[in-house]
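Chain letters run A, B, ... following the sequence lines, proteins first, then strands; residues in each count from 1. The model shown is predicted, which means the values in this text are computed figures rather than measured ones.
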Protein chains: 2
Amino acid sequence: MNTRERNKPNAFYAQSGGVTAVLNASACGVIETARKYRHSMGTVYAGRNGILGALTEDLIDTSQESARAIARLQYTPGGAFGSCRYQLPDLEANPAPYERMIEVFSAHNIGYFFYNGGGDSQDTAWKVSQMGARLRYPIVCVGIPKTVDNDLPLTDNCPGFGSAAKYVAVSIREASFDVASMAKTSTKVFVFEVMGRHTGWITAACGLAGDREGDPPHILLFPEIPFAQDKFLARVRQCVDRYEYCTIAVAEGLRHPNGTFVADSGVKDAFGHTQLGGVGPIIANLVQQKLGYRYHWAVADYLQRAARHIASQTDVEQAYRLGEAAVKLALEGHNAVMPTIERVANRPYKWRIGVAALQEIANKEKMLPRDFISEDGFGITTSCRAYLQPLIQGEAYPPYKKGLPDYVRLKNVAVPKKLATDFAV
Amino acid sequence: MNTRERNKPNAFYAQSGGVTAVLNASACGVIETARKYRHSMGTVYAGRNGILGALTEDLIDTSQESARAIARLQYTPGGAFGSCRYQLPDLEANPAPYERMIEVFSAHNIGYFFYNGGGDSQDTAWKVSQMGARLRYPIVCVGIPKTVDNDLPLTDNCPGFGSAAKYVAVSIREASFDVASMAKTSTKVFVFEVMGRHTGWITAACGLAGDREGDPPHILLFPEIPFAQDKFLARVRQCVDRYEYCTIAVAEGLRHPNGTFVADSGVKDAFGHTQLGGVGPIIANLVQQKLGYRYHWAVADYLQRAARHIASQTDVEQAYRLGEAAVKLALEGHNAVMPTIERVANRPYKWRIGVAALQEIANKEKMLPRDFISEDGFGITTSCRAYLQPLIQGEAYPPYKKGLPDYVRLKNVAVPKKLATDFAV
């Protein structure tokens with residue numbers, strides 16, 4: 001490696017955890033910005049399947065992709081390079097994976113590490129920065145926020161959330177028009193299950209579908225509020241009496257007063273988190289058994305985090321800008337940081353890029369504040385509405401071909417391996 | 001009633017059965033066209049909650065709605081006047097409801113009967129026409145087709161279907177991008193449950209999301225093909241081996257070889273939860289139990305038939321044009337008929353309005369032809385694709401306000417009652 005090459009290190013970029021409608025917009029921001037600053041940053045190598053790509057030396061050469069293909073990432077959902085759910089061990093207990101990463105990065109002259117993910121991922125990014133320092137391998141680590149759950153601290157909101165929020169608000173508004181039409185002789189109760197893990201941000205977004213008293217959705221069931229069955233059933237009956245129907249949004253992470261999940265499926269993911277899903281039919285069934293109303297239920301599951309066709313313009317812009325900001329921060333030498341979104345004003349909505357230390361972000365969850373939830377626990381407050389409103393603003397429609405969104409699939413050409421050793425993951 | 005009034009009878013319009021994203025576009029076509037021909041057609045009275053409005057003399061005066069409000073129906077999902085699930089008794093066994101309707105129609109000088117619905121509804125429209133003739137009450141009955149299930153005979157396709165088809169194809173494409181990103185370390189199988197009652201039209205539409213061999217969705221489970229569990233599981237394993245993941249669309253009406261519905265099986269899931277209906281989670285659980293793959297599942301339910309935000313332009317146009325055609329047919333004196341869609345050409349797609357006799361349509365279901373299903377029973381054929389493609393073409397986006405579709409709620413002012421008698425329904 002000659003001096004010029006060493007002065008122009010390559011970058012590693014990886015996607016981690018559950019993907020979103022705008023995760024690739026951040027990737028687009030990273031790659032396009034890196035290309036703009038090609039005099040100081042080499043090639044962006046993407047990890048195939050997130051951090052696994054770094055561990056197994058399975059790197060994707062993004063320079064093989066045309067400018068047009070990279071631009072199309074802005075409107076393609078999912079994780080274009082593959083994501084992963086893989087929890088790195090504790091750095092002190094088992095430094096081997098971190099050492100391996102540094103070995104791979106060294107072999108490919110990687111001096112920048114961009115990790116695009118949620119709380120667990122920012123923890124990983126922080127650990128990589130620590131290992132770089134310990135092994136005296138100069139690597140600049142910058143996290144890029146991402147999660148539909150909107151539960152990262154220190155950033156006003158998280159890319160991916162605004163589009164999921166828009167999708168669920170649109171969906172429950174539409175389904176409510178349907179139920180209202182059918183209620184006289186058929187379905188009276190509609191239950192819509194949404195994601196959000198332990199937090200009620202996505203559930204709260206459903207509340208945006210109603211503007212005035214009596215508008216659907218009539219009941220929101222937040223994970224932050226223990227499920228009070230009798231109070232809930234009384235409210236359902238009241239809605240049906242008053243409005244002839246009742247639409248309900250329920251968070252996958254709804255808990256009984258004793259703390260257990262209403263829908264514990266018994267499956268845990270790689271991080272030991274309980275896999276949730278199925279609370280919608282449980283709540284619908286409860287209503288039918290106790291009140292006898294006809295019901296329907298829907299579980300959007302991945303649809304809500306992949307719905308790029310109805311993405312929020314605000315969200316797409318922020319995702320891109322955070323990717324761009326990450327590269328600029330790295331080039332300015334900021335290490336172990338994550339660009340954030342800082343809200344400047346609500347009306348009109350203004351925001352700017354801020355910066356937070358990775359160490360402050362890792363493994364913390366931002367719950368829905370109690371004053372965002374109405375006193376009775378079944379709705380959102382004016383301040384919650386003011387917070388959420390700008391995040392779903394604008395429609396960033398993808399282009400269509402033959403009646404369907406024309407999303408890109410990249411070539412994802414592998415970088416030739418340079419190490420003789422394998423690493424078992 | 002003077003002669004001029006008698007020469008300009010009013011019209012009754014009602015919405016029946018499950019509503020759709022474009023049912024109100026047909027209503028818009030009826031009302032706007034009737035207003036255009038106001039010299040020969042009086043006011044359009046809408047039945048509140050479908051045919052119930054006729055039986056209970058609960059009529060809505062659509063002349064109270066502004067031209068702008070009526071125009072907004074074109075992009076508002078659901079049934080603006082309320083729909084109903086109400087099966088009229090057999091005409092011979094119990095003529096009372098039909099006699100009552102004629103009494104109501106007579107009181108309000110109604111000479112045109114427009115009934116916007118599926119197979120059951122066309123049966124009702126036909127019976128009303130029979131009763132009019134028997135009681136020597138001159139009433140012109142015209143059905144307007146509507147059903148997301150696409151199962152009406154004699155029309156090339158049904159309004160509502162194209163938009164549901166577009167929604168499910170977009171959704172499974174997007175979810176498949178998500179699953180593909182996660183498959184390496186997490187979800188390998190995604191199951192998407194769709195509607196369609198006993199027919200596989202909506203399931204087939206999911207197949208449009210894949211263009212080439214290996215594209216998702218990898219497996220479609222049609223109600224027309226008895227569920228072959230072992231063959232299905234072998235195919236899932238093959239897909240995961242070959243593509244690293246497998247996405248599956250399953251029809252709510254999937255049946256076991258013995259004819260029973262899979263969703264009726266009454267099984268408990270792997271974790272002891274009582275299965276709450278929904279063939280999607282049943283199939284997902286089966287895959288997990290037999291093959292051990294991590295899975296996710298989604299049930300779109302009403303979302304797929306209310307998703308006006310992603311409606312097909314073709315569908316919206318056809319729905320409107322059929323409403324318009326119904327009024328024109330009525331004014332031309334055609335009785336006991338339904339306008340249909342006749343396909344003229346596939347590429348470029350051309351269609352025209354046809355006419356069918358109500359008697360030929362009532363209570364018949366059009367199943368997916370066997371030659372639209374691939375030989376192995378898990379996919380669609382080229383001819384199926386050619387049939388479906390034009391129906392999802394074009395994006396008819398609604399206007400947005402504060403980040404959400406700006407759908408209309410009508411005033412729905414009641415027409416003063418003229419009869420002293422009630423009718424129990």
Side-chain angles (χ1 to χ4, degrees), chain A residues 15 18-19 49 52 76-79 82-86 166 169-171 173-175 177-182 184-186 190 208-209 265-266 269-270 277-278 281-282 284-285 296-303 305-310 312 389 392-395 397 400 402-405 407, chain B residues 15 18-19 21 49 52 76-80 82-86 166 169-171 173-175 177-182 184-186 190 208-209 270-271 273 276-278 281 294 296-303 305-310 312 389 392-395 397 400 402-405 407:
Chain A
Q15 302 175 320
V19 296
N49 301 307
L52 292 188
T76 297
S83 184
C84 71
R85 293 204 183 276
Y86 182 79
K166 189 179 184 92
V170 169
S171 295
R173 171 171 287 186
E174 292 181 331
F177 268 80
D178 192 307
V179 182
S181 317
M182 303 306 294
K184 182 72 180 177
T185 56
S186 180
F190 178 77
L208 290 174
S265 70
D269 72 9
I282 289 172
N285 209 44
H296 265 250
W297 54 267
V299 177
D301 193 67
Y302 281 179
L303 272 52
R305 66 183 213 191
R308 182 60 185 81
H309 76 275
I310 190 62
S312 148
Q389 188 62 66
I392 67 163
Q393 201 64 44
E395 293 71 52
Y397 296 125
Y400 278 68
K402 294 203 284 179
L404 290 171
Y407 299 139
Chain B
Q15 302 176 321
V19 297
N49 300 308
L52 292 188
T76 297
S83 185
C84 71
R85 291 203 183 278
Y86 183 78
K166 189 180 184 92
V170 169
S171 295
R173 172 171 287 187
E174 292 182 331
F177 269 80
D178 192 308
V179 182
S181 316
M182 303 305 295
K184 181 72 181 179
T185 56
S186 182
F190 178 76
L208 289 174
F271 318 108
H273 296 145
L276 302 172
R294 274 182 187 276
H296 265 250
W297 52 268
V299 177
D301 193 66
Y302 280 179
L303 272 52
R305 67 184 211 187
R308 182 60 185 82
H309 76 275
I310 190 64
S312 148
Q389 188 62 66
I392 68 163
Q393 201 64 44
E395 294 72 51
Y397 295 125
Y400 277 67
K402 293 204 284 182
L404 290 171
Y407 298 138

Asn49(A) portion near chain B, given a 4.5 angstrom heavy-atom threshold: side chain
Within-4.5 Å side-chain heavy-atom neighbours: Leu52(B) and Lys184(A): yes
Where Ser181(A) and Val19(B) come nearest, the two heavy atoms and their spacing: CB-CG1, 3.7 Å
Interatomic spacing from CZ in Arg308(B) to CZ in Arg173(A) - rounded to 0.5 Å: 14.0 Å
Considering all heavy atoms, the nearest Ala298(B)-Ala300(A) contact: CB-O, 3.6 Å
Side chain, backbone, both or neither of Ser186(A) within contact of chain B (heavy atoms, under 4.5 Å): side chain
Between CD on residue Glu174(A) and CG on residue Leu404(B), distance to nearest 0.5 Å: 9.5 Å
Geometric class of the Tyr397(A)/Tyr400(B) ring pair [parallel <30°, tilted 30-60°, perpendicular >60°]: perpendicular
Considering all heavy atoms, the nearest Pro281(A)-Trp297(B) contact: CG-CH2, 4.3 Å
Residue part contacting chain B, namely of Thr76(A), when any heavy atom lies under 4.5 Å: side chain
Top contributor to chain B contacts, counting heavy-atom pairs under 4.5 Å, from Ala306(A), Gly78(A), Gly394(A): Ala306(A)
Max heavy-atom pair count under 4.5 Å with chain B, selected residue of Gly82(A), Pro405(A), Ala175(A), Ala209(A): Pro405(A)
Inter-residue atom distance Gln393(A).CD - Lys402(B).NZ, 0.5 Å rounding: 9.5 Å
Where Gly403(A) and Glu395(B) come nearest, the two heavy atoms and their spacing: CA-OE2, 4.0 Å
Shortest non-hydrogen separation from Ser83(B) to Met182(A) and the atoms involved: CB-SD, 4.1 Å
Heavy-atom pairs under 4.5 Å with chain B, option from Val170(A), Ile392(A), Thr185(A), Asp178(A) with the top count: Asp178(A)
Side-chain touch Ile310(B)/Ile310(A), heavy atoms, less than 4.5 angstrom: no
Plane angle bin for Phe177(B) and Tyr407(A) - parallel if under 30°, tilted between 30 and 60°, otherwise perpendicular: perpendicular
